[in-house]
Amino acid sequence: MADTTGNPQATGAATDPDPAPRRSSWRHIGPGIVVAATGVGAGDLVATLIAGSRFGYTLLWAAVLGCLVKISLAEAAGRWHLATGRTLFDGWASLGRWTTYFFVVYVVVWGFVYGAAAMSSSALPLQALFPDVLDLKWWGVACGLAGLVFVWFNKYAVFEKVMTVLVGVMFVVTVSLAVRVTPNLPDLLAGLLPVLPDENDSVLNTLGLIGGVGGTITLAAYGYWVNAKGWTDTGWMKVMRLDNRVAYATTGVFVVAMLVVGAELLHAAGVALAGGDQGLVQLGDILADEYGTATAKFFLIGFFATSFTSLIGVWHGVSLMFADFVARYRGRAAARGAEIASGARERSWPFRAYLLWLTFPPIVLLFQGQPFRLVIVYGVLGAAFMPFLALTLVWLLNSARTPAEWRNGRLSNAMLAVAGLLFLVLCVKQVWDQPWSDFLG
């Protein structure tokens with residue numbers, strides 16, 4: 001392992017050095033479903049719908065490539081946890097104190113703004129389904145409190161089961177809609193050819209679609225969910241890799257289904273969809289006009305499942321990471337995956353303190369509006385996290401911190417390098433696009 005100054009020391013898994021491989025079986029699948037459900041939020045579905053409405057099936061290949069990139073990132077995070085027996089935050093800490101400073105600022109600012117965004121996103125379909133019951137803000141408060149209570153009183157096993165049910169709802173809704181609008185199969189297959197749209201900024205739009213679907217801090221949380229499942233050594237490596245592929249195959253289904261809806265329902269009619277979560281409410285209205293109220297309500301239920309899985313996924317996964325950070329720096333000792341598996345972190349005060357941070361301060365933002373400067377900082381930090389994750393995984397998994405057998409091969413290095421460069425370009429664009437003159441004025 002390495003100390004906090006980055007000096008490598010001998011390392012190895014915290015458990016049996018040569019555990020017997022578990023048989024790769026579908027019955028073990030779980031953390032992958034959780035990371036897929038959490039990573040694909042309402043904003044991702046809107047981005048895919050807009051891509052379909054503007055370009056038809058042209059960028060289908062980019063959406064599929066994005067899923068492959070995320071498979072590589074999540075596999076690397078899970079492999080680090082299993083190969084070393086250490087948590088990802090402990091690996092970051094071994095690279096130097098700068099990683100800790102970045103993480104702390106990130107989770108504090110990001111969590112504050114994300115909490116309000118997640119509550120609003122979950123509230124929108126509920127208000128559309130029950131327009132005369134509560135105001136949007138109070139629906140948001142109800143969703144935040146429901147997420148808090150659920151995660152506070154339940155451990156990973158229950159959390160995973162609920163997420164699996166909600167993913168099932170998402171799957172049925174998105175696939176049913178795609179079938180309902182009748183995809184053009186020749187055009188769909190042609191969309192797998194790497195072609196760029198013929199318009200300005202087509203390269204950046206394509207990169208944004210590749211990087212945007214299912215790519216958040218929840219990719220880093222995947223290793224923690226792997227440990228919480230009880231997988232703590234290399235004997236689970238094959239199981240983890242199957243689980244990870246299932247995760248992003250599921251994500252791919254969501255993406256393709258929404259692209260089909262965008263291409264067939266919106267592109268052909270020349271309908272421009274609003275950006276942000278309001279775009280899904282608008283789609284609900286379009287579905288009501290085309291297919292009737294029952295189809296629109298069915299879609300809104302899927303919209304809620306998509307938003308609420310992201311909310312409770314972040315409430316659980318990022319709180320688990322924060323609890324690991326606090327334990328690591330209070331004890332000054334290497335954090336072990338076995339501690340995550342024991343469930344002790346889910347009962348700890350740092351876990352619950354971050355849960356409260358994700359819930360109550362953001363409620364103020366729901367009623368007061370989001371501070372302009374804080375939103376800019378949130379955007380910059382959010383853009384910086386994915387290149388941070390990709391590049392630090394390359395560093396960790398090519399060093400003596402990882403047992404030689406489980407270090408990156410050529411394919412892993414190539415995919416992580418592509419991911420790092422992709423997210424670095426998107427980060428620079430995001431920073432460049434911020435209204436800095438207003439921020440400094």
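- The structure places OG1 of Thr251 at 8.5 Å from NZ of Lys70, a figure rounded to the nearest 0.5 Å.
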Applying side-chain hydrogen bond (donor to acceptor under 3.5 Å, both in side chains), run through Ser120 and Trp139 and close with a yes or a no.
CA-CA 8 Å; Ser120 294; Trp139 273 122; over 6 Å; no
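- Interatomic distance, Leu49 CG to Arg54 CZ, rounded to the nearest 0.5 Å: 13.5 Å.
- Formation of a donor-acceptor pair under 3.5 Å by the Arg345 side chain with backbone atoms of Glu339 is not found in this model.
- Taking all atoms of both residues into account, the shortest heavy-atom contact from Thr48 to Leu259 is O-CD1, 3.5 Å.
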Residue pair Phe385, Trp110: steps toward the side chain to side chain contact (heavy atoms under 4.5 Å, CB included) verdict: CA-CA 10 Å; Phe385 184 81; Trp110 181 88; over 6 Å; no
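- For the atom pair CG (Leu393) and CG (Leu416), the distance works out to 6.0 Å, reported to the nearest 0.5 Å.
- No hydrogens or angles considered: nothing links the side chains of Thr402 and Arg407 as a donor-acceptor pair under 3.5 Å.
- In this structure the side chain of Thr174 reaches within 4.5 angstrom of the side chain of Met258, judged on heavy atoms.
- Neither side chain, Asn244 nor Tyr222, offers a donor N or O lying under 3.5 Å from an acceptor on the other.
- Residues Phe303 and Leu124 approach most closely at CZ-CB, 4.1 Å, considering heavy atoms.
- A side-chain N or O of Ser121 and one of Ser307 form a donor-acceptor pair less than 3.5 Å apart.
- Salt bridge Asp324/Arg328: absent, no basic N to carboxylate O contact under 4.0 Å.
- A donor-acceptor pair shorter than 3.5 Å cannot be found between the side chains of Trp406 and Thr84.
- Closest approach of Met119 and Thr359 over heavy atoms only: CE-O, 3.3 Å.
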Inset, instruction - Report the C-alpha separation of Leu358 and Ser319 in whole Å, then their side-chain angles, then the decisive distance to 0.1 Å, and conclude whether the side chain to side chain contact (heavy atoms under 4.5 Å, CB included) test is met. - result: CA-CA 9 Å; Leu358 282 168; Ser319 296; 4.0 Å; yes
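- For the pair Leu126 and Cys143, the tightest heavy-atom approach, listed with the atom from each and the gap, is CD1-SG, 3.5 Å.
- To the nearest 0.5 Å, the span separating OG1 on Thr38 from CG on Leu219 amounts to 10.0 Å.
- Side-chain contact check for Thr164 versus Glu160: some heavy-atom pair is nearer than 4.5 Å.
- Contact of the Leu192 side chain with the Val64 side chain is registered, since non-hydrogen atoms from C-beta on lie closer than 4.5 Å.
- Counting non-hydrogen atoms of other residues, nucleotides and ligands closer than 6.0 Å to NZ of Lys161 gives a total of 12 or fewer.
- In Phe171, the CZ atom is not crowded: 12 or fewer heavy atoms of neighbouring residues, nucleotides or ligands sit closer than 6.0 Å.
- Ring geometry, Phe308 versus Phe304: the interplanar angle falls under 30°, so the pair is classed parallel (tilted spans 30 to 60°).
- In this structure, the side chains of Leu95 and Arg401 come closer than 4.5 Å at one or more pairs of heavy atoms.
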For His81 and Arg86: C-alpha separation, side-chain torsions, deciding distance, then whether side chain to side chain contact (heavy atoms under 4.5 Å, CB included) applies.
CA-CA 5 Å; His81 277 250; Arg86 299 162 61 190; over 6 Å; no
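- Between Thr87 and Trp80 the shortest side-chain heavy-atom distance does not fall below 4.5 Å.
- Side chain of Trp225 to backbone of Gly32: no donor-acceptor contact under 3.5 angstrom is found.
- Side-chain contact check for Leu287 versus Leu177: some heavy-atom pair is nearer than 4.5 Å.
- In this structure, Tyr114 and Ser310 have side chains that are in contact, with non-hydrogen atoms separated by less than 4.5 Å.
- When all heavy atoms are compared, the tightest approach of Asn154 to Glu346 is O-OE2, 4.3 Å.
- Side-chain atoms of Tyr156 and Asn227 form no donor-acceptor pair, as typed in the model, at a separation below 3.5 Å.
- More than 12 heavy-atom neighbours from other residues, nucleotides or ligands sit within 6.0 angstrom of CZ on Arg241.
- The shortest side-chain heavy-atom distance between Phe150 and Val158 falls under the 4.5 Å cut-off.
- In this structure, Phe388 and Trp98 have perpendicular ring planes: the angle between them is above 60°, well past the 30° mark.
- Distance check: Ile210 CD1 to Leu68 CG gives 10.0 Å after rounding to the nearest 0.5 Å.
- The side-chain contact (heavy atoms from CB on, under 4.5 Å) test with Met321 singles out one residue from Phe103, Phe89, Tyr354, and that residue is Phe103.
- Between Arg347 atom CZ and Ser342 atom OG the span is 6.5 Å, to the nearest 0.5 Å.
- Listed here is the closest heavy atom pair of Tyr224 and Leu88: OH-N, 3.7 Å.
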Check against side chain to side chain contact (heavy atoms under 4.5 Å, CB included), Leu280 and Phe299:
CA-CA 9 Å; Leu280 293 183; Phe299 167 72; 3.9 Å; yes
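- Ring geometry for His316 versus Phe159: interplanar angle under 30°, hence parallel rather than tilted (30 to 60°).
- Phe325 and Phe322 have tilted rings, their planes meeting at an angle from 30° to 60° on a 0 to 90° scale.
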